[in-house]
*Asks:* 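First the structure, then my questions, so here it is.
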Amino acid sequence: MRQARLRADCARPGARYHLSMVRAYDVVAVEKKWRERWATEGTYEVDADDPRPPWYVLTMYPYPSGPAHMGHVRNYTFGDLLVRHRTMLGHAVLSPFGFDSFGLPAENAAIRTGMHPRTFTDARIAELKESITALGAVYDWRREVRSHDPSYIRWTQLIFLRLLAAGLAYRANAPVNWCPGCQTVLANEQVLADGTCERSGDVVVKRDLEQWFFRITDYADELLAGLDDLDWPERVKTMQRNWIGRSEGAEMDLPVEGRDGSDGRPPLVLRVFTTRPDTAFGMTYAVLAPEHPLVDEVTTPAQRAAVEELRARAAAASDIERTSESGGASALEKRGAFTGASVVNPFTGTAVPLYVADYVLMGYGTGAIMAVPAEDARDWDFAQAHGLPVIRTVRPPEGWDEHGGPDGGPGGAYTGTGEKINSAWLDGLDVVTAKRRAIEWLEAEGKGSRKVNYRLRDWLVSRQRFWGCPIPVVTCETHGIVPVPESELPVLAPDDVEFRPTGESPLATHAGFLNTTCPICGGAARRETDTMDTFVDSSWYFLRFCDPWSTDRPFDPDVVAHWMPVDQYIGGIEHAILHLLYARFFMKALGDVGLAPAELREPFARLFTQGMIRMDGSKMSKSRGNLVAPSAYLATVGADALRLFHLAVGPPADDVDWTAQTDSIIDGCARFLDRVWRLGADEVDGEAARRTGAETEDDVAIRRATHRLIDRVTRDYERWSYNTAVAACRELVNTLVPYCADPHAGVLGDAVDTLLLLLAPMVPHVTAELWERRHGDDIHLRAWPVSDPALSAEQVVTMVVQVNGKVRDRLDVPPDIDEAAAEALALASPRVEDVLGGVAPRRVIVKPPKLVNVVV
RNA sequence: GCCCGGGUGGCGGAAUGGCAGACGCGAUGGACUCAAAAUCCAUUGUCCGAAAGGGCGUGCGGGUUCGAGUCCCGCCCCGGGCACCA
């Protein structure tokens, strides 16, 4: 092996990477050997009756888009490292893998090529599986799941039916987001802030359609409260909190003037939601959303034309136009029209004008507001534009009207705290108290009540696509919507389908699929042609992984209770809201319908979001066409070096820039592994005969360095600081190489063994090979090393001596030196005496054993 | 506009309020070689100095402290999220 000279040119045409180094060992052969070993020996297959304590590591299952790219490599390297590390720590580690295999790309490919999405998808899965395995990532492949597998579809459909039975799934007509590119509706979560589709980038339009929803809003409070106890990145939790958007306030009724019922017409009241009931005395007008059902009713003939024009414009405008044209500070762009009607302020009995304006949204609260320009910036802008009065109900800070505004200009709405004014019986109170009193008054008078509102909407799950899990219901002429009996699941899409360029789902026109019979009466019925959002599949796959063999239910709750929650979940920040919120909802809902353990409320105890790979300033992705294929690296430097690169380059949570320098850094990783190889295989050039017997001072220093390394690396693994763990290992190697000139056999052997154990989770192949040569057994079944405190403790430390905060001397001292000795030693330093020049210290700060600071 | 991150050598990055720049990449010089590759050794923030040594340095301006990359206040720049949610 010493003579092995691998001239590894990059064989693939177009690959960027070219290795010109001569390697110390046959990387490709070694890595292949161990990959096969792990697979045939089932090293990482575990069962629920394993006596070791369970530990569940999960990396988000991928959409199978073909061979792995660098983002996958990075992702699965972190996950695999944890699996191997936890195993060495003595856990039974559940490490499953699967594929999120429903989705639009396969259907688009079918439209393009005529190939059935299943054929296409299975081919992509084979490629991805192959390249993930080539990284040396280990999984319990017996547990593999694929969303599109009939044995998975069956349970996804059963879950749907149970949710339907529990009232957590329902069908409703609603204004929905329609993506013309994807030819389907989207959930709110799948529409980006600029009003485009997160998948296709097309501008999403509003349509009224009958759709299926999951009642996620029933869980809004629990989804919010549950976040507090999760060991997740704060930023992800904040994003979920904002998305749920809980706000407390009150609803109250504003009687429409002249519509008290005395003229025979039914009485008319306008219900509004506000978070600031304390400001009601400052209401100077009210506003309806353009889509509000009362608009027609209240608009006077004189105003009808203007109101109609506004509504037409609002309806035509997409959300982007509506926000971009009128967003921002400019008051004049707030578009609205007077209805001609007035509403009565229940607090004052005063009538104020009622407007229609597009800055009020039908989808939130009641779609109508009381407007208080003095204490709301949007109302202020609108009031300015329409010449409406302002009544302050909170005393603004001194000088607010002169310089309280932006850039010290004139102040506008004041939304802060302060003393209530102009508010009758609320005057003199603070805002919080006034808010409470106002609500109490509303409830006592029967004019309103406390109300909590959420930004969160129910989850729209139906998709007008073919390549998804069919929704298992039929529509019967007499019985309406009827669930398919559970015994008849799964409902599978037919194979003999034709994909049209229009993008229309073939299910909608396939007579054999469409025509069926009603499970209740046996009469003619029509199948539901919508399929489920693929986020439904990914909302429970981690539960199926626990018990993928279950044939009578999706999974055994007891087995799930054994493994769940996932101890460490790893994935991209892009799922901060979508997948992670849906999966949390599913965990709660499945518990409540009796499928999952009821007490298991949260699926993922810890979450880590790794950084993405950027190239030329943008995310490396297939759609941007800037992928760097790992294959060229795997065939040359090998998986270990590529893994090491991702671990060493920086903190795992940070983004990585793929630059012209990157290949050199990867070469450096390969170089390091070569050095480890030479140490482990006793091939260090010029290595002398090894001593035995008594250990010298230098030998003990190596022992100490080895044990300190155990402490450092162990701590770094715990805090996800792999870059510093790698750096620490490199330091030891840098120390060991010169030490090999005159090594003590036992000391060197222990040092190298320790190094291999610490590196094993990071670079599993090369460490396994060296360990086998040295000891004959499998390093990955060995225990994680533990340091000897007597050896890992520092023997001498460098004490810094400062004069006025500037370092003037460094002294070697024992780590347990006391204050008096440290001070005496510092003051006796010739260099310190020199700088002091006879001046007596004014004060001496002593922090043994690290520092003495002499102040003059 | 609001809410989070972040700004440290040529580059990626280290640093429980206590030696700024660990480790690596790149660069420079040297050993080995006919030569190259690989390998090994040394140097590498910046300025002054032959050297010893010293000055200056963590986006900018203040502050707290014996001592600040780290804590506080006010800015600037970069990245991300949210954005008429009443």
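Protein chains get the first letters and strands the later ones, always in sequence-line order, with residue 1 at the start of each.
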*Asks:* Can you tell me the distance, in whole Å, between the CG atom of A/Asp667 and the P atom of B/G26?
*Replies:*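 Interatomic distance, CG of A/Asp667 to P of B/G26: 8 Å.
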
*Asks:* Is A/Gly365 touching bases, backbone alone, or none of the nucleic acid, heavy atoms closer than 4.0 Å?
*Replies:* nothing

*Asks:* So what's B/C75 paired with, Watson-Crick or G-U wobble, going by both distances under 3.5 Å?
*Replies:* B/G59

*Asks:* Taking the same atom, P, in B/A37 and in B/G30, what whole-Å distance lies between them?
*Replies:* 13 Å

*Asks:* Provide the Watson-Crick or G-U wobble partner of B/G9, both distances under 3.5 Å; none if there is no partner.
*Replies:* none

*Asks:* Can you tell me the base-pairing partner of B/A15? Count Watson-Crick or G-U wobble geometry only, both distances below 3.5 Å, and say none if there is no partner.
*Replies:* none

*Asks:* Measure from CD on A/Glu251 to C1' on B/A86 and round the result to the nearest Å.
*Replies:* 12 Å

*Asks:* Would you kindly give the CZ-to-P distance between A/Arg712 and B/C23, to the nearest whole Å?
*Replies:*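 Distance check: A/Arg712 CZ to B/C23 P gives 9 Å.
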
*Asks:* Looking at B/G24, I'd like to know if its phosphate oxygens (OP1 or OP2) sit under 4.0 Å from a side-chain N or O belonging to A/Arg671.
*Replies:*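 It does not, given that no N or O in the side chain of A/Arg671 lies less than 4.0 Å from OP1 or OP2 of B/G24.
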
*Asks:* Answer yes if the side chains of A/Asp379 and A/Tyr359 hold a donor-acceptor pair under 3.5 Å, and no otherwise.
*Replies:*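 A pair is found: one side chain offers a donor N or O, the other an acceptor, under 3.5 Å apart.
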
*Asks:* Rounded off to whole Å, could you give me the CD-to-C1' distance for the A/Glu234 and B/G5 pair?
*Replies:* 13 Å

*Asks:* Find the distance A/Lys850:NZ to B/G17:P and express it as a whole number of Å.
*Replies:*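 Answer to the nearest Å: 11 Å.
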
*Asks:* Please state the P separation for the pair B/A35 and B/G49 - nearest whole angstrom.
*Replies:* 39 Å

*Asks:* What integer distance in Å separates A/Arg246:CZ from B/A86:C1'?
*Replies:* 16 Å

*Asks:* Just so I know, are the side chains of A/Val372 and A/Thr284 near enough to count as touching, which here means a heavy-atom distance under 4.5 Å?
*Replies:*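 SC-SC contact between A/Val372 and A/Thr284 ruled out.
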
*Asks:* Any chance the side chains of A/Asp221 and A/Tyr454 put a donor and an acceptor closer than 3.5 Å?
*Replies:*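 A donor-acceptor contact under 3.5 Å links the two side chains.
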
*Asks:* Of the listed nucleotides (B/C19, B/A86, B/C23), which one gets closest to any side-chain atom of A/Arg730?
*Replies:*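 Between B/C19, B/A86, B/C23, the one nearest the side chain of A/Arg730 would be B/C23.
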
*Asks:* Between B/A14 and B/G63, how far apart are the two P atoms, rounded to whole Å?
*Replies:*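 Between the two P atoms, the distance is 31 Å.
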
*Asks:* Does A/Arg235 place a side-chain N or O at less than 4.0 Å from the phosphate oxygens OP1/OP2 of B/G79?
*Replies:*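 For B/G79, OP1/OP2 do not have a side-chain N/O of A/Arg235 under 4.0 Å.
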
*Asks:* Let me know, please, whether A/Arg810 or A/Ala368 comes out on the 5' side of the other along RNA chain B by nearest nucleotide.
*Replies:* A/Arg810

*Asks:* Under 4.0 Å between a side-chain nitrogen and a carboxylate oxygen: does that hold for A/Glu731 and A/Arg712?
*Replies:* yes

*Asks:* Could you please name the partner base of B/U44, counting Watson-Crick and G-U wobble pairs only when both distances are under 3.5 Å?
*Replies:* B/G26

*Asks:* Answer yes or no: does a side-chain N or O of A/Asn723 lie under 4.0 Å from OP1 or OP2 of B/A14?
*Replies:*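 Yes, within the criterion.
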
*Asks:* For B/U33, which nucleotide is its Watson-Crick or G-U wobble mate, given both distances must be under 3.5 Å?
*Replies:*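 The answer is none; no pair meets the criterion.
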
*Asks:* Considering only side-chain heavy atoms of A/Thr274, which listed nucleotide, B/C41, B/A86, B/G26, is closest?
*Replies:* B/A86

*Asks:* Which nucleotide, in any strand shown, forms a Watson-Crick or G-U wobble pair with B/C82, with both distances under 3.5 Å?
*Replies:*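 Pair assignment: B/C82 / B/G1.
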
*Asks:* Take atom CZ in A/Arg241; do more than 12 heavy atoms of anything else shown fall under 6.0 Å from it?
*Replies:* yes

*Asks:* In whole angstroms, how far is the C1' atom of B/C11 from the CZ atom of A/Phe645?
*Replies:*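 A/Phe645 atom CZ is separated from B/C11 atom C1' by 13 Å.
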
*Asks:* With a cut-off of 6.0 Å (strictly less than), are more than 12 heavy atoms of other residues, nucleotides or ligands near NZ of A/Lys237?
*Replies:* yes

*Asks:* From the set B/C82, B/A86, B/G81, return the single nucleotide nearest to any side-chain atom of A/Arg455.
*Replies:*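 Comparing B/C82, B/A86, B/G81 against the side chain of A/Arg455, the answer is B/C82.
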
*Asks:* With a 3.5 Å cut-off and no angle check, do the side chains of A/Thr393 and A/Glu375 form a donor-acceptor pair?
*Replies:*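 Side-chain D/A pair, A/Thr393 to A/Glu375: present.
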
*Asks:* Less than 6.0 angstrom from the centroid, inside 45 degrees of the normal: does A/Arg614 satisfy that with respect to the ring of A/Trp658?
*Replies:*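 No, A/Arg614 does not lie over the aromatic ring of A/Trp658.
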
*Asks:* Using the P atoms only, state how far B/A15 lies from B/G69, rounded to an integer number of Å.
*Replies:*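 Rounded to whole Å, the distance is 16 Å.
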
*Asks:* Taking atom P in both B/C19 and B/C34, compute the distance separating them and give it to the nearest angstrom.
*Replies:*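 Pairwise P distance, B/C19 against B/C34, rounds to 49 Å.
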
*Asks:* Kindly say if A/Arg675 contacts the phosphate of B/C40, meaning a side-chain N or O under 4.0 Å from OP1 or OP2.
*Replies:*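 Checking A/Arg675 against B/C40: at least one side-chain N or O falls below 4.0 Å of OP1 or OP2.
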
*Asks:* For the ring pair A/Phe645 and A/Tyr633, is the centre-to-centre distance below 6.0 Å?
*Replies:*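 For A/Phe645 and A/Tyr633, the ring centres are not under 6.0 Å apart.
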
*Asks:* Would you call A/Glu248 and A/Arg246 a salt bridge, using N to O less than 4.0 angstrom?
*Replies:* yes

*Asks:* Between P on B/A86 and OH on A/Tyr285, what's the gap in Å once rounded to a whole number?
*Replies:*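 So the two atoms are 16 Å apart, to the nearest Å.
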
*Asks:* Expressed as a whole number of Å, how far does the P atom of B/U70 sit from that of B/G7?
*Replies:*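 Taking atom P in both B/U70 and B/G7, they lie 11 Å apart.
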
*Asks:* Using a heavy-atom cut-off of under 4.0 Å over every strand shown, decide if A/Ser247 touches base, sugar-phosphate, or nothing.
*Replies:* sugar-phosphate

*Asks:* OP1 or OP2 of B/G12 versus the side-chain N and O atoms of A/Thr659: is any pair under 4.0 Å?
*Replies:*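 Looking at the OP1 and OP2 atoms of B/G12, neither is under 4.0 Å from any side-chain N or O of A/Thr659.
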
*Asks:* Quick check: on RNA chain B, is the nucleotide nearest A/Asp655 upstream (toward 5') of the one nearest A/Arg715, or the reverse? Name the residue that is more 5'.
*Replies:* A/Asp655

*Asks:* Would you indicate, yes or no, if B/C82 has its OP1 or OP2 atom less than 4.0 angstrom from a side-chain nitrogen or oxygen of A/Arg241?
*Replies:*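 For B/C82, neither OP1 nor OP2 has a side-chain N or O of A/Arg241 closer than 4.0 Å.
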
*Asks:* May I ask you to say what A/Asn734 touches in the nucleic acid, namely base, sugar-phosphate or nothing, with a heavy-atom cut-off under 4.0 Å?
*Replies:*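 The answer is sugar-phosphate, as A/Asn734 gets under 4.0 Å only of primed atoms, P, OP1 or OP2.
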
*Asks:* Would you give a per-nucleotide map of nucleotides 51-58 of chain B, 5' to 3', where B means the base has a protein non-hydrogen atom under 4.0 Å away, S means only the sugar-phosphate does, and - means neither?
*Replies:* ---SSS--

*Asks:* Got more than 12 heavy atoms from elsewhere within 6.0 Å of CZ, A/Arg235?
*Replies:* no

*Asks:* Mind checking A/Gln661 for me? I need base, sugar-phosphate or nothing, with any heavy atom below 4.0 Å counting as a touch.
*Replies:* base

*Asks:* Report the relative orientation of the aromatic rings in A/Phe382 and A/His386; use parallel for angles under 30°, tilted for 30 to 60°, perpendicular for over 60°.
*Replies:*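 Geometry flag for A/His386 against A/Phe382: parallel rings.
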
*Asks:* Counting primed atoms plus P, OP1 and OP2 as sugar-phosphate and everything else as base, spell out the protein contacts along nucleotides 64-74 of chain B at 4.0 Å heavy-atom distance: B, S or - for each nucleotide, 5' to 3'.
*Replies:* --B--------

*Asks:* Determine the interatomic distance between P on B/G13 and the same-named atom on B/G6; round to the nearest Å.
*Replies:*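 Nearest-Å result for B/G13 against B/G6 at atom P: 13 Å.
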
*Asks:* Say we look at B/U58 and B/U46: how far apart would their P atoms be, to the nearest angstrom?
*Replies:* 15 Å

*Asks:* Tell me which nucleotide, if any, is Watson-Crick or G-U wobble paired with B/A20 when both distances must be under 3.5 Å.
*Replies:*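 Its partner: none found.
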
*Asks:* Would you classify B/G9 as syn or anti? Syn applies when the glycosidic angle is within 90° of 0.
*Replies:* syn

*Asks:* How about A/Tyr364 and A/Ser247: does a side-chain donor come under 3.5 Å of a side-chain acceptor?
*Replies:*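 Present: a donor and an acceptor within the cut-off.
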
